[in-house]
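Structure first, then comments.
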Amino acid sequence: MAAANPLPPTNLEVQTASTTIDSVTVTWSYDSTKSFCEKWKVKYKVKDASDTKELTTSNVNKHEMTIPGLTAGETYTISVFGVTTEPSAVTHLTAVAADSSDVTVTWTPGTGTHQNPFQLKYHGTHQATDWSSVISSADSKETVTGLFPGDTYTFEVGSTTAAKSYCEKWKVNYTEKDKTQIKTIAINSVAEKSVTIRSLAPGMTYTIKVFAITSGDVVSKTAVELEATTKPLAVTDLEAVAKDDSNVDVSWSPNAASIQDEYQLRHHDDRKNTDWSKAVSLTDKKTTVTGLFPGDKYTFEVTALSHSQTSAVKTKTAVLFPLPPTKVTAETMTATDRLTASWQYDKSQSYCEKWRVKYTVKGVTDMKSIDTSSANDLQIVIDKLQAGQNYTISVYGVTIDDVVKPEITTTLSENSNTDTDSVVVDYTAETGSGVFDRYYFSVNDKKSTTVTKDDDDVRRTVQFYELDAGILYTVTAWTKSGSEKSREIRTQVRTVPKKPELKCQSEEDAMTVIITKGDGKVDKFSLTCSNCNDTSRREAEPSSIKTRYTNLVPNTTYSFKATAIAGTESNHRKESDITSIYCKASEGLARRPEVGSTSFALVTFAANSAAREAPRATETAVQWI
């Protein structure tokens, strides 16, 4: 093996204050992050002479050396070198049998101080004839156990050299496993030894390689490589439906935006508050859970897996049908219009919360029913019967799926991507501890559009399309668990009004700008002239869509910009994109405005009046017509 030459030290200086008639002291600097060495060698000679002498420091941390025995008045050349030593082979290797199957191996390390743990391997002559796996040892002694009694073994010990390397920055390449498209992240500081790779596909396995880069952007030929898998998304459409008194069908769908290899399903009895069952791994998307206790309520939990990475859990509850009672009997009473129904019930075999007794005249399908107040009531009086009539009586156990009303604690806010025909709303993660099946979002458009989202969807944005421009819409959100619905929360978002169209009618020293409203709602328009005397912003109601500028300079091009405005500052004001137009005033003999004139006169007029106030000749006038 060979060690690379270390880099030379920097800032080599002679310390004048320490110089005597026969000695000098030299100092230097050393950056251990850029090079490795074990000690320093100082060579010196009379200038232009061939006879060289040298001194060596005891360790790499000593950065100065005093050179004695020099000749007064002579000029010397002094050089400092970094020194590394290569490790030599170990010596005095011995192997002594400790007992019938154990051997103690000892050795003496070779020369060279820069050594890693030693590597020991062995093979037998008659039994284990192949070399063993390498045993790493930090000491100079190792006991090998489990050898074949009576066999002869050969032992080999070597040392390794720790490679020191210099780099200035890193390059991280990553790609989907078994794919060729590579993406790269540059890390421009060698001190940064971690990176977060974003915007990856859920459940996908990636191959990641890290390269070292030196000056001149020289990239290492080899890289540290690893594989990492992102968490998959949770399953959707989880359902748990009781088939009978002891079996539940559980089914789900994989999230279409995720990759998953398998699923894990487990359950527990809510009423008995039992521990979770052992998770069952499945590749199918449905199964039947058997052997459950009749009448109990169970929670089923499904998790998606991708290369051992787990998704968020999804849960669903189901209530088993209770077993029917046994030995149902009916006894007549003294009164001819009533009877007593009785039955037996084994609590160790089934659970129910009350009993429902259904009865009808024999052969008639229209049944009446009456419930007991609890499961402990094992008889009931049925009255208002018809004397002498035959009745069919059935008794059922009843359980109640008590779904708690869910809560919603998210916050709605407008997303900046709201446009002229769409409303985009962000919603925060829940701050409460409750559970529910899905979010529901609706907007009060013409179709009463409703959007559903899973509770664990990481893309917390909802968008409604095909809306009218400039309209203030109300977005409503709620959650549901089964048939139970939470309270509703709301926010209002206005779509952006459509920008207007502009057209000019040019005269000799005047210009009429015509604004045409786009589809949707507009409350007012804004118009500016960027190179008129007055560049202030003017606003007008949609009924005033013509604006006249007077006292303009003939044969001059003017720039006009207009926007449409919907709402007010206190009511979700939105302004459209800008419409721009360039218009040129006609040539003519119209009088130019006086030099230095900066004022405007906004011409106003009363309704049903033909009289107008004329602007002064030195001003440009604007008229909303």
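Please read these numbers as outputs of a predicted model, since none were measured by experiment.
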Give the ring-plane orientation class for Tyr427 versus Phe441, where under 30° counts as parallel, over 60° as perpendicular and anything between as tilted.
->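 Plane angle between 30° and 60°, so tilted.
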Nearest 0.5 Å, please: how far is [atom2] in [Y] from [atom1] in [X]?
| X | Y | atom1 | atom2 | result |
| --- | --- | --- | --- | --- |
| Thr10 | Trp28 | OG1 | CH2 | 11.5 Å |
| Asp426 | Asn415 | CG | CG | 4.0 Å |
| Trp40 | Asn59 | CH2 | CG | 11.0 Å |
| Ile408 | Ile489 | CD1 | CD1 | 4.0 Å |
| Lys453 | Thr236 | NZ | OG1 | 12.5 Å |
| Leu12 | Thr27 | CG | OG1 | 7.0 Å |

Could you check if a side-chain atom of [X] sits within less than 4.5 angstrom of a side-chain atom of [Y], using non-hydrogen atoms only?
| X | Y | result |
| --- | --- | --- |
| Lys231 | Thr310 | yes |
| Ser311 | Thr303 | yes |
| Cys529 | Asn531 | yes |
| Thr19 | Val14 | yes |
| Asp261 | Leu305 | no |
| Thr229 | Ser308 | no |
| Tyr439 | Thr479 | yes |
| Thr495 | Asp421 | no |

According to the salt bridge (Lys or Arg N to Asp or Glu O under 4.0 Å) rule, which pairs have a member within residues 556-582, sequence neighbours left out?
->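 Found Glu414-Lys574, Arg537-Glu575, Glu539-Arg573, Glu569-Arg573, Arg573-Glu575.
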Salt bridge (Lys or Arg N to Asp or Glu O under 4.0 Å) contacts touching residues 169-192 (sequence neighbours left out) =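 Every pair satisfying salt bridge (Lys or Arg N to Asp or Glu O under 4.0 Å) with a residue in residues 169-192: Lys169-Asp217, Glu176-Lys179, Lys177-Glu227.
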What heavy-atom pair brings [X] and [Y] nearest, and what distance separates the two atoms?
| X | Y | result |
| --- | --- | --- |
| Ala234 | Asn255 | O-CB, 3.4 Å |
| Ala585 | Val553 | CB-O, 3.5 Å |
| Val424 | Thr418 | N-OG1, 3.1 Å |
| Arg438 | Thr452 | CD-CB, 4.2 Å |
| Lys141 | Thr104 | CE-CG2, 3.5 Å |
| Pro232 | Ser306 | CG-N, 3.9 Å |

Which residues pass the salt bridge (charged side-chain N to carboxylate O under 4.0 Å, His left out) test with [X], not counting sequence neighbours?
| X | answer |
| --- | --- |
| Lys499 | none |
| Arg198 | none |
| Glu142 | none |
| Arg494 | none |

Without swapping roles, check the side chain of [X] against the backbone of [Y] for a donor-acceptor pair under 3.5 Å.
| X | Y | result |
| --- | --- | --- |
| Thr420 | Lys498 | no |
| Ser132 | Tyr122 | yes |
| Thr579 | Pro500 | yes |
| Thr563 | Ser576 | no |
| Thr20 | Ser23 | yes |

Decide if atom [atom1] of [X] counts as having more than 12 heavy atoms of other residues, nucleotides or ligands within a radius under 6.0 Å.
| X | atom1 | answer |
| --- | --- | --- |
| Ile578 | CD1 | no |
| Asp31 | CG | yes |
| Lys209 | NZ | no |

Tabulate below the donor-acceptor pairs under 3.5 Å that side-chain atoms of residues 61-81 make, not counting sequence neighbours, or state none.
| residue | atom | partner | partner atom | Å |
| --- | --- | --- | --- | --- |
| His63 | NE2 | Val60 | O | 3.1 |
| Thr66 | OG1 | Thr25 | OG1 | 2.9 |
| Tyr76 | OH | Thr71 | N | 2.9 |

With sequence neighbours left out, what residues match Val210 under side chain to side chain contact (heavy atoms under 4.5 Å, CB included)?
-> Trp170, Val172
What pairs with Thr428 under side chain to side chain contact (heavy atoms under 4.5 Å, CB included), at least two apart in sequence or on another chain?
->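 In terms of side chain to side chain contact (heavy atoms under 4.5 Å, CB included), with neighbours along the sequence ignored, Thr428 is linked to Thr410, Thr411.
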Can you give the donor-acceptor pairs under 3.5 Å from side chains of residues 277-285 to other protein atoms, not counting sequence neighbours?
| residue | atom | partner | partner atom | Å |
| --- | --- | --- | --- | --- |
| Ser277 | OG | His267 | N | 3.0 |
| Ser277 | OG | His267 | O | 3.3 |
| Ser277 | OG | His267 | ND1 | 3.3 |

List, one per line, each side-chain donor-acceptor pair under 3.5 Å for residues 48-56, sequence neighbours excluded.
none

Taking only residues two or more places apart in sequence, or in another chain, which ones meet His572 in a ring pair (Phe, Tyr, Trp, His ring centres under 6.0 Å)?
-> none
Run the numbers on Glu301 and Thr315 for side chain to side chain donor-acceptor pair (under 3.5 Å), then give the verdict.
-> CA-CA 4 Å; Glu301 180 184 279; Thr315 60; over 6 Å; no
